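One structure is given here, and the rest of the page talks about it.
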Amino acid sequence: MYDDIVELAKRRGFFWPSFSIYGGFAGFYDYGPLGVLLKDNIIRTWKESYMEDGAIFLDSPNITPEPVFRASGHLARFSDLAAECEKCKSKFKFESVLAFNKQDIIPANLEEAKKIASDTYLKCPVCGSRITNIYDFNLMYKVSGDYYLRPETAQGIFVNFKLLFNYNRGKLPMIVGQAGKGFRNEISPRQSLIRLREFNQCEIEVFLDPENLEFKSLYDYKKIKIKPNTGEELDITVKEAFERGLISSQAFAYFVLKTQNILENIGIESSKLRFRQHDPDERAHYASDSWDAEGLIDNEWFEIVGIANRTDFDLNNHQSSSGETMTTKIEEREFIPYVIEPSYGIDRILLTLMAQSLETRDGKNVLKIPYPVAPYHFAVFPLMKKENLKEKAEYIYENMKKQDKYIVYDEAGTIGKRYARQDEIGTPYCITVDYQTLEDNTVTVRSRDTAEQKRIKIEELLDLDFINSYIYKK
RNA sequence: GCGAUUGUGGUGUAGCCUGGUAUCACAGUGGCUUCCCAAGCCACUAACCCGGGUCCAAAUCCCGGCAAUCGCACCA
């Protein structure tokens, strides 16, 4: 299934490896014409859903000065001292070499590590030779000068907290979102969109009063697999999971539930989704608790959303580093807000959506994605390449575009072939002008999912209500 | 990053062992047919990952690079 998607994606213009005429570049992918539309629709679904909860948004730079990541802990935690055995070429984290050699010292920087290696005979855990080659491996991309490409969009929001909070007139809870690029110099990028070096993130930072970790009330929604780090796996609603004490706060549970809801709207069904809590040693340095939403592709689970309790970790660090106050007051109580962060990996969501939505009918691909996220909503065809049919079809195409831009026109090949083309890219409806159209001004509207058609009057087609009822089901 | 395997038009492939004109299908373009679920016919477009070596001659053999797949490691 995964291979089928990668093939389809390249052939039909969803996504493909970047820079291929120069031999390619591991960890980088381009979105093609249909991928751009699909990605934008996914992001829009995310954005509009959070706007319902009063979210505000930010767009901050990719290139970020070093002090930001010094404060956030990324400089320390996203870079590792590494060691290579020059004899057997094995590579290790420096700390694991120290542990193997029963050394308790923890070097603060590269200089100290090099000193340890020259003062002490450190044996290679694999071949036993002396290890001398110590270097810094940084997961963050450094650009010239003391600047880095951000490994997450979140810090842009934290460093803007005061301005954003002022904009929000000092009110908590405050929800801030940012859709943008993140960069990580992955050691081994794999599986196309799963592990990229430059990736699309939609991050949400929810700022809350730590004494009142509540948000809107929980509601009943579909059951889903819930896998806390105690080892059990339950099939219950998120609301039930909270009521059983599996999720630490009401607000955290709300955003888990919201994530389930957003993913459903994007087209990832709850039956192919689970929430898994991180083990304590698996968490990011900034998180006191984390749950991943994982999507199923080919019987394998992949993280597509990470929801972390970042507490006041980031604001606190930026307050100490910058000297700017990040506190607020409720009555006499002064505090730094707590943060819950649902972070959506858009590339992985897009891949999961496509993999989970691809079906075959009579040996032909049908991409059954929700209508509103489909790259095109409608395709318009003349039954045949005849002037009178073409003229009518072009009229419909031009006039429907006044209501909905996500429309494509096609007259090449047989009618069956054109239906198949659209099925494969998920277009919900095909509108065909035939001979009857010339007589009574009706066209056929053919559904992607059932292949059945209905006759509709052209004037009905050109009404906004038609799009609302057919695509948005309003 | 290590190891194994692989790299041929837009896609999927044959050819590679045994060096000599690169196969087929799909897709695409133009035309014929005049058409409701990938019909047919004709014509066309279009590829040996990159670099080096061996050889009269390299898609084919050898070396290096890049990339992909899988396993290990990594994934904060």
Side-chain angles (χ1 to χ4, degrees), chain A residues 2-4 6-13 16-29 32 69 72-80 82-85 88-93 96 125-126 135 137-140 151-152 184-192 194-197 199 278-287 290 292 302-303 306 308 310 313 343 345 348 360-366 381-389 411-424 430-437 443-448 450-453 455:
Chain A
Y2 168 79
D3 293 333
D4 297 339
V6 171
E7 187 270 326
L8 186 153
K10 189 170 183 189
R11 185 166 45 79
R12 296 307 309 269
W16 53 65
S18 299
F19 311 115
S20 60
I21 68 164
Y22 289 107
F25 191 20
F28 296 88
Y29 268 72
F69 297 125
S72 71
H74 286 87
L75 207 56
R77 300 304 299 270
F78 261 59
S79 77
D80 256 332
E84 184 185 31
C85 171
C88 73
K89 300 287 174 202
S90 302
K91 291 188 166 89
F92 311 93
K93 282 189 178 180
S96 66
V126 172
Y135 58 96
F137 183 81
N138 201 328
L139 210 52
M140 284 196 294
E152 57 170 4
R184 290 182 195 186
N185 191 11
E186 296 285 354
I187 297 163
S188 53
R190 283 284 163 94
Q191 290 168 302
S192 67
I194 297 283
R195 205 193 301 186
L196 293 171
R197 287 182 164 142
F199 48 93
H278 280 201
D279 290 326
D281 60 1
E282 191 184 353
R283 287 178 203 139
H285 65 275
Y286 48 71
S290 277
D292 283 347
F302 292 98
E303 176 194 350
R310 295 182 79 132
F313 181 89
S343 172
R348 292 176 174 192
T360 51
R361 181 171 61 217
D362 304 329
K364 292 171 278 185
N365 288 331
V366 184
F381 312 142
L383 180 63
M384 289 184 291
K385 250 193 238 181
K386 274 203 153 166
E387 272 316 311
N388 47 357
L389 296 178
E411 57 176 39
T414 62
I415 190 72
K417 183 174 266 186
R418 282 175 271 160
Y419 287 145
R421 279 190 196 121
Q422 297 303 322
D423 284 344
E424 189 172 45
C430 294
I431 292 159
T432 304
V433 170
D434 59 11
Y435 292 109
Q436 198 180 324
T437 311
V443 293
T444 64
V445 176
R446 178 256 191 202
S447 149
R448 176 194 74 194
T450 62
E452 280 165 9
Q453 33 191 357
R455 287 206 84 87

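Protein chains get the first letters and strands the later ones, always in sequence-line order, with residue 1 at the start of each. Keep in mind that what you see is a predicted model, and the values were worked out from it rather than measured.
- Across all strands shown, B:U69 forms a Watson-Crick or G-U wobble pair with B:A4, both key distances being under 3.5 Å.
- If you take CZ of A:Arg446 and P of B:C35, they are 20 Å apart, rounded to a whole angstrom.
- A donor and an acceptor atom sit less than 3.5 Å apart, one in the side chain of A:Tyr419 and one in the base of B:C36.
- Picking from B:A76, B:C35, B:C74 the nucleotide with the shortest atom distance to the side chain of A:Ile415 gives B:C35.
- Annotation: B:G40 and B:C26 have their C1' atoms spaced 16 Å apart (nearest Å).
- Taking atom CZ of residue A:Phe25 and atom C1' of nucleotide B:G65, one finds them 15 Å apart after rounding to whole Å.
- Nucleotide B:C36 forms no Watson-Crick or G-U wobble pair with any nucleotide shown, as no partner meets the under 3.5 Å limit on both distances.
- Summarising the base pairing, B:G19 is matched to no nucleotide, lacking a Watson-Crick or G-U wobble pair whose two defining distances lie under 3.5 Å.
- Comparing the C1' positions of B:U23 and B:A14 gives an interatomic distance of 5 Å, to the nearest angstrom.
- A:Asp434 places a side-chain N or O within 3.5 Å of a backbone atom of A:Gln436 that can act as its donor or acceptor partner.
- A residue-by-residue look at A:Glu282 and A:Ser20 shows that A:Ser20 has its nearest nucleotide of RNA chain B further toward the 5' end.
- Rounded to the nearest Å, the gap between the P atom of B:U13 and that of B:U8 is 8 Å.
- One can place CD1 of A:Ile187 at 17 Å from P of B:G71, the figure rounded to the nearest angstrom.
- A donor-acceptor distance shorter than 3.5 angstrom exists from the side chain of A:His285 to the backbone of A:Ser72, with no hydrogens or angles considered.
- Note: OH (A:Tyr2) to C1' (B:A68) measures 9 Å, nearest angstrom.
- When the nearest nucleotides of RNA chain B are assigned to A:Ile21 and A:Pro189 by heavy-atom distance, the more 5′-ward of the two goes with A:Ile21.
- Straight-line distance from the CZ atom of A:Arg190 to the C1' atom of B:C72: 9 Å, rounded to whole Å.
- Across all strands, A:Ala451 comes closer than 4.0 Å to base atoms (heavy-atom distances).
- Distance noted for atom P between B:A46 and B:G9: 14 Å (whole Å).
- Ring orientation note: the planes of A:Phe381 and A:Tyr419 are tilted relative to one another, at an angle of 30° to 60°.
- For B:A43, the paired nucleotide is B:U29, the pair qualifying as Watson-Crick or G-U wobble because both relevant distances are below 3.5 Å.
- For A:Gln453 and B:C36, a side-chain-to-base donor-acceptor distance below 3.5 Å is present, hydrogens and geometry of angles not being considered.
- Below 30°, between 30° and 60°, or above 60°: for A:Phe25 and A:Phe19 the angle between ring planes is between 30° and 60°, a tilted geometry.
- Across all strands shown, A:Gln191 has heavy atoms under 4.0 Å from sugar-phosphate atoms exclusively, and none from any base.
- Minimum atom distance to the side chain of A:Lys417 is reached by B:G28, of the listed B:G28, B:C35, B:C70.
- Across all strands shown, B:U54 has no partner, as no Watson-Crick or G-U wobble contact with both distances under 3.5 Å is found.
- For the pair A:Asp423 CG and B:C36 C1', the interatomic distance rounds to 13 Å; values are reported in whole Å.
- With hydrogens and angles disregarded, no donor-acceptor distance shorter than 3.5 Å links the side chain of A:Arg184 to the backbone of A:Arg195.
- Spacing between B:A47 and B:G12 at atom C1', rounded to whole Å, works out to 13 Å.
- For A:Arg421, counting side-chain heavy atoms from C-beta on, the closest listed nucleotide (B:A38, B:G28, B:C36) is B:G28.
- As rounded to the nearest Å, B:A58 and B:G51 have C1' atoms that lie 14 Å from one another.
- Counting heavy atoms from C-beta on, the side chains of A:Cys430 and A:Gln453 never come closer than 4.5 Å.
- Considering only side-chain N and O atoms, A:Thr432 lies nowhere under 4.0 angstrom from the phosphate OP1 or OP2 of B:C36.
- Rounded to whole Å, the separation between the P atoms of B:A22 and B:C16 comes to 15 Å.
- Considering only side-chain N and O atoms, A:Lys386 lies nowhere under 4.0 angstrom from the phosphate OP1 or OP2 of B:C35.
- Residues A:His74 and A:Leu139 have side chains not in contact (no heavy-atom distance under 4.5 Å, counting atoms from C-beta outward).
- Residue A:Tyr286 is in sugar-phosphate contact alone, with no base atom involved, counting any heavy-atom pair closer than 4.0 Å across all strands shown.
- With both ends at atom P, the span from B:U6 to B:C62 equals 11 Å, rounded to whole Å.
- In a base pair of the Watson-Crick type (N1 to N3 plus N6-O4 or O6-N4) or a G-U wobble (N1-O2 and O6-N3), with each distance short of 3.5 Å, B:C74 is matched with no nucleotide.
- Distance CG (A:Asp434) to P (B:U34): 18 Å, rounded to an integer number of Å.
- With A:Asp423 as the partner, the side-chain hydrogen bond (donor to acceptor under 3.5 Å, both in side chains) test is satisfied by one option alone out of A:Lys364, A:Arg418, A:Arg448, A:Arg446: A:Arg446.
- Using a 4.0 Å cut-off, no side-chain N or O of A:Arg195 falls inside it from OP1 or OP2 of B:A68.
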Show me the protein contacts with nucleotides 4-14 of chain B, counting only N or O atoms at under 3.5 Å.
residue: B:U11; atom: OP1; partner: A:Lys10; partner atom: NZ; Å: 2.6
residue: B:U11; atom: O2'; partner: A:Glu7; partner atom: OE2; Å: 2.4

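- The side-chain heavy atoms of A:Phe28 and A:Pro17, taken from C-beta on, include no pair separated by under 4.5 Å.
- When atom types are taken as modelled, the side chain of A:Arg348 and the backbone of A:Ile194 share a donor-acceptor pair closer than 3.5 angstrom.
- Across all strands shown, B:G9 remains unpaired; no Watson-Crick or G-U wobble contact has both distances below 3.5 Å.
- Summarising the geometry, the separation between NZ on A:Lys364 and P on B:C36 is reported as 14 Å, rounded to the nearest angstrom.
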